[in-house]
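Both ligands and their constituent atoms are indexed starting at 1 by order of listing.
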Amino acid sequence: MSEPLALAGLPWPVELRTHPRARRLRLVLDEPRGLLRLTVPRRVSRSAALDWALRQSAWVEAQLARIEPVEPLVTGATIPFDGGEAMLQWEETAPRTPRLTDLVLTCGGPPERFGDRIARWLRDEARQRLIEETRALTSSSGISDAPVSVGDAGTRWGSCSASGAIRYNWRLILAPPPVRAYVVAHEVAHRVHMNHGAGFHALQARLYDGDVTAARLELRRIGPRLKRVGRG
Ligand SMILES: [Zn+2]
């Protein structure tokens with residue numbers, strides 16, 4: 001892997017990766033990082049790979065056109081929140097700690113730190129709710145309590161470590177409750193089965209009060225937008 005390369009014919013820099021098992025050239029949009037990942041088989045030269053990438057510019061432009069812009073946390077913006085849409089509002093006389101009233105999230109304080117305060121509030125809210133929702137599920141199903149934390153772990157919505165600690169993506173607070181509940185059921189099921197085998201799926205279905213497949217597809221559909229919130 002090398003430093004991303006800016007090419008005149010492409011809108012995003014290109015990051016080359018030589019891959020011993022790659023059979024052909026492959027170009028992927030890495031949306032969070034704002035670059036193009038070019039996978040190069042060992043037998044293909046660097047200049048031939050870049051020539052090929054340049055010829056994909058029409059495809060790249062078409063992909064970029066489909067990507068919605070990032071959604072920064074600024075006053076007046078509307079973000080998905082817990083199944084609805086919440087409006088962000090800076091108010092000079094309001095307290096620095098954001099307050100949510102009727103889907104309007106308001107705070108005061110220095111305007112240049114508005115986005116940071118909103119982001120911190122969303123993370124705290126995510127942590128509290130995900131802890132509660134996880135506890136509710138473990139206790140009702142007789143599964144032992146799990147330490148729960150939140151972060152922004154790249155592409156994953158949740159993970160369960162070998163020791164049983166569950167970590168969620170804070171952006172789940174932006175998702176509708178049934179979608180969040182599906183991720184909680186998934187991770188809690190991992191407390192019993194550290195794999196995706198038949199036993200795991202049976203337990204996950206028992207823990208989730210709804211259609212697992214529908215929830216998974218819904219998360220996949222809305223996921224890209226949730227990941228754009230708070231960037232830019
Ligand atoms: Zn899993």
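- The count of protein N, O or S atoms under 2.8 Å from the Zn ion (ligand 1) stands at 3, with waters excluded from the count.
- Relative ring orientation between Y208 and Y182 is described as perpendicular, the plane-to-plane angle rising above 60° on a 0-90° scale split at 30° and 60°.
- Within a 6.0 Å sphere centred on CG of D209, other residues, nucleotides and ligands contribute 12 heavy atoms or fewer.
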Legend entry - Working for salt bridge (charged side-chain N to carboxylate O under 4.0 Å, His left out), residues D82 and R180: CA-CA 9 Å; D82 201 31; R180 201 164 59 236; 3.0 Å; yes

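- No side-chain donor from either of S159 and Y168 sits under 3.5 Å from a side-chain acceptor of the other.
- The 12-atom threshold is not exceeded at CD of E92, counting heavy atoms of other residues, nucleotides or ligands nearer than 6.0 Å.
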Inset, instruction - Just do the ring-ring contact (aromatic ring centres under 6.0 Å, His included) check on H196 and H190 with the steps written out, would you? - result: CA-CA 8 Å; H196 291 127; H190 275 317; 4.8 Å; yes

